[in-house]
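The figures that follow rest on heavy atoms only: side chains count, while hydrogens, waters and symmetry mates do not.
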Amino acid sequence: MSEEKKSEVTQEVPEEETKTPKEEKKAKKKNKNAEKLEELEKALADEKDKRLRLAAEYENYRKRTSAEKLNIYNDATAKAVEQLLPVADSLDMALATMKDAPEEFKKGFELVRAQLATSLEKLKVEPFCEVGDDFDPNLHNAVAKIESEDFEENKISAVFQKGYKIGDKIIRHAMVQVANCD
């Protein structure tokens with residue numbers, strides 16, 4: 001090859017690499033804008049994430065305080081009702097032993113007992129435990145046991161004292177006799 005051709009070959013630069021200063025400025029500006037856009041998008045995503053976390057935190061706080069308020073109410077109600085339960089027990093015993101009493105006395109006791117039951121119901125206090133129910137050590141306090149053919153295994157054969165609860169909170173366990181338990 002001649003010298004002339006070699007110099008032409010070496011001087012030829014592909015068009016892609018050759019840029020005018022104006023084009024280079026535009027390319028740099030475009031890169032800066034792209035970087036700035038990425039930074040802004042990342043900042044926006046971070047802020048959005050913070051806002052979502054804050055909203056979730058607030059919702060959890062609201063639910064937790066609501067549940068705490070309900071528990072405080074239930075605890076206060078349970079303590080007050082616990083003081084009234086001996087009265088309910090006395091009324092039940094009086095009604096059970098009034099065989100020879102005049103009808104007016106029986107009716108009066110029944111009305112008072114019904115009023116107390118209505119008041120407890122308004123407070124969402126529920127009595128539990130009947131003869132024939134399954135024995136549950138979480139709800140019942142077994143004070144006696146008997147062997148009897150009249151009842152299945154681990155059934156309540158007698159209720160000495162009713163149990164009371166508010167929702168899932170036990171105010172007082174029922175005092176019972178259990179049949180055919182080990």
A.B. asks: Tell me if the NZ atom of Lys124 is crowded by more than 12 foreign heavy atoms within 6.0 Å.
C.D. replies: no

A.B. asks: Verify the cluster assignment for Leu116 and Leu95: are they in a single hydrophobic cluster under the rule of side-chain heavy atoms below 4.5 Å apart?
C.D. replies: yes

A.B. asks: How long is the straight-line distance from CG of Leu120 back to CG of Leu84, given to the nearest 0.5 Å?
C.D. replies: 7.0 Å

A.B. asks: Between Asn180 (side chain) and Ser148 (backbone), is there a donor-acceptor pair under 3.5 Å?
C.D. replies: yes

A.B. asks: Taking the side chain from His173 and the backbone from Gly163, do they hold a donor-acceptor pair closer than 3.5 Å?
C.D. replies: no

A.B. asks: Inspect the surroundings of CD in Glu59 and state if more than 12 heavy atoms from other residues, nucleotides or ligands are less than 6.0 Å away.
C.D. replies: yes

A.B. asks: Pick one: which of Lys162, Arg113, Arg172 meets salt bridge (Lys or Arg N to Asp or Glu O under 4.0 Å) with Asp89?
C.D. replies: Arg172

A.B. asks: Could you give the distance from CG (Asp75) to CG (Leu70), rounded to the nearest 0.5 Å?
C.D. replies: 9.5 Å

A.B. asks: Is there a side-chain contact (heavy atoms from CB on, under 4.5 Å) between Ile166 and Glu126? Walk through the geometry before answering.
C.D. replies: CA-CA 6 Å; Ile166 296 177; Glu126 303 170 16; over 6 Å; no

A.B. asks: Please say whether more than 12 non-hydrogen atoms of neighbouring residues, nucleotides or ligands are located less than 6.0 Å from CD in Glu110.
C.D. replies: yes

A.B. asks: Taking atom SG of Cys129 and atom CE of Met175, what is their separation to the nearest 0.5 Å?
C.D. replies: 11.0 Å

A.B. asks: Between CD1 of Ile171 and NZ of Lys79, what distance do you get to the nearest 0.5 Å?
C.D. replies: 12.0 Å

A.B. asks: Looking at NZ of Lys155 and CG of Asp150, how far apart are the two atoms once the value is rounded to the nearest 0.5 Å?
C.D. replies: 14.0 Å

A.B. asks: If two hydrophobic side chains count as joined below 4.5 Å and joins carry through other members, does Met98 share a cluster with Leu91?
C.D. replies: yes

A.B. asks: Closest approach of Gly167 and Lys165, non-hydrogen atoms and distance?
C.D. replies: O-CD, 3.5 Å

A.B. asks: So does Phe109 have more than 12 non-hydrogen atoms from other groups sitting under 6.0 Å from CZ?
C.D. replies: no

A.B. asks: Do Val112 and Val87 sit in the same hydrophobic cluster, where Ile, Leu, Val, Met, Phe, Trp and Tyr count as joined when their side-chain heavy atoms come under 4.5 Å apart?
C.D. replies: yes

A.B. asks: State, to 0.1 Å, how close Thr77 and Val125 come at their nearest heavy-atom pair, and which atoms those are.
C.D. replies: CG2-CG2, 4.4 Å

A.B. asks: Can you establish whether the number of heavy atoms outside Phe105 located under 6.0 Å from its atom CZ is more than 12?
C.D. replies: no

A.B. asks: Nearest 0.5 angstrom please: Ser157 OG to Asp133 CG, how far?
C.D. replies: 11.5 Å

A.B. asks: Does Phe151 share a hydrophobic cluster with Val176, counting links as ILVMFWY side-chain heavy atoms below 4.5 Å and allowing steps through other members?
C.D. replies: yes

A.B. asks: Search all heavy atoms of Val178 against all heavy atoms of Phe135 and return the closest pair with its distance.
C.D. replies: CG2-CD1, 3.4 Å

A.B. asks: If a pair satisfies side-chain hydrogen bond (donor to acceptor under 3.5 Å, both in side chains) and one of its residues is in residues 44-54, list it, with sequence neighbours excluded.
C.D. replies: Asp49-Arg53

